[in-house]
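Report on the following structure.
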Amino acid sequence: MAQLWGGRFTKETDKLVYNFNASISFDKKFYKQDIEGSIAHVRMLGKQGILTEEEMQAIVKTLEEICCDVDEGRLAITDEYEDIHSFVEANLIDRLGDTGKKLHTGRSRNDQVALDMRLYTRLEVLYTDALVKELLEVLLKLMEEHTETIMPGFTHLQKAQPITLAHHMGAYFEMFERDRSRLHDIYMRMNYCPLGAGALAGTTYPLDREYTAELMGFAGPTLNSMDSVSDRDYVIEFLSALSTIMMHLSRFCEEVIIWNSNEYQFVEIDDAYSTGSSIMPQKKNPDIAELVRGKTGRVYGALMSILTTMKGIPLAYNKDMQEDKELTFDAIDTVKGCLALFTGMISTMKFDKERMNASARHGFTNATDAADYLVNHGVPFRDAHGIVGRIVLYCIERGIAIDDMSLHELKEICPVFEEDIYEAISMETCVNKRLTVGAPGKEAMEKVIAVKKEYLERDWQDEVKKGVAFCGSML
Ligand code: ARG
């Protein structure tokens, strides 16, 4: 049992208590951040004359060596230490003796862990952002390729009006673009350094908190030491953003599963992203889409867990906060895995344009346009609605589409129809006449695609690091 305290104790810690209290099994995940934070702290102590130049140099060099040794597998992080902070400090003292014992001057594990978690999360925000960007790139490519690929748009999962595949993909582009902007906001809001807050009340050493913040790329130091050690809002915000990403992925997966079903056959998932059945030889299942949909619950669970953990904690640090890690790490890894797999699945999926087009044509998705035709020829809309309703019934009884009816049949129901009705209710006309901003018409879609292209060319990560990003792309 290697721990950083014990002077005021007269008994060994009970083994069960030790194990219950220890966090090394999961906080070893941020050993790099722990060392990065310690290096910044020690450099500042050197600059302020709290450590000598030689002491500072020796500690920095040894910390770098420890990091390297762990990276390259020469030094194992084992359970004999209480947490990652004890592990690093104990190894430093082993290698440097008394000089190593000066590392923790003017610092507490409370501000140390607040920093480590923030550094780790901040990096993961950027990794997640990069994966969402890759998905957006695939979506944009599909949008460019499919401005003329007609498919039914649905409401209530009933065929409603014709749209294009580009337009459908564009809807998801909007969702994931907003997800990115949420990540950017979180980055900028969390990018303040808690180091120097001490246990809760700062320290009496003349620390230069601006300097450590700058060394680690923060916008500045946090401004209240009690809040600094007990703020986990950024974890909650990140888990909330991750939950929203999963909600979007899950909706998309649900559609892929429907589109891939035997009844729809709008898409075929690539063999590399499908799985078989152990008993039914004909089966090719969309397991990846189902698993992503399923894992959404797990990420929501992490958000609920930390919200509940935090709700009753008085100021300042309390050990409950150690519970911020395991589920957060799991949620981050889950979302990153889901994003990468989903992007791979979508980019290799084949779309059956003919079936999509036929599905739109045979679902009366042009019924609104047929009514609009009558309105344009002087029929009041409510009457036109009733006339087209009768036409739809006529077609259902015969198993045909509206444009399969002869002009004679149409005229028998309403004499206003003329030869140009066929052009007016063709799928292409229905889509391409819809030219309001954000509508599926080819020209409207192309304007949006140009905006999205520009959006993807911007270096958002650079902007958030400078704290100057603002959300949204505009026409
Ligand atoms: N493992 C602890 C955590 O994750 C580190 C901070 C310990 N601080 C303390 N006062 N016991 O929160």
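On a predicted model such as this, the values are computed, not experimentally measured, just so you know. Order of listing sets the numbers, starting from 1, for every ligand and every atom in it.
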[X]: numbered ligand 1 atoms lying under 4.0 Å from its heavy atoms:
{"X": "Asn110", "value": "8 (N), 9 (C), 10 (N)"}
{"X": "Gln322", "value": "1 (N), 2 (C), 3 (C), 4 (O), 12 (O)"}
{"X": "Ser23", "value": "1 (N)"}

In terms of side-chain geometry, is the basic nitrogen of Arg209 or Asp111 positioned less than 4.0 Å from the acidic oxygen of its partner? no
Does a salt bridge link Asp83 with Lys325, judged by any charged N lying under 4.0 Å from a carboxylate O?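 Salt bridge absent between Asp83 and Lys325.
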Could you check whether any heavy atom of Lys325 sits closer than 4.0 Å to an atom of ligand 1, since that is the contact criterion I want to use?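 The answer is yes, since Lys325 has a heavy atom less than 4.0 Å from ligand 1.
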Which protein heavy atom lies closest to atom 12 (O) of ligand 1, and at what distance to 0.1 Å? Tyr317 OH, 2.4 Å
Evaluate whether atom CD of Glu65 has more than 12 neighbouring non-hydrogen atoms of other residues, nucleotides or ligands under 6.0 angstrom away.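 Enclosed: over 12 neighbouring heavy atoms sit under 6.0 Å from CD of Glu65.
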Test side chain to side chain contact (heavy atoms under 4.5 Å, CB included), reference Leu341, set Ile288, Leu291, Ile346, Leu249, output is Ile288
Do the ring planes of Phe266 and Phe154 sit parallel (below 30°), tilted (30 to 60°) or perpendicular (above 60°)? tilted
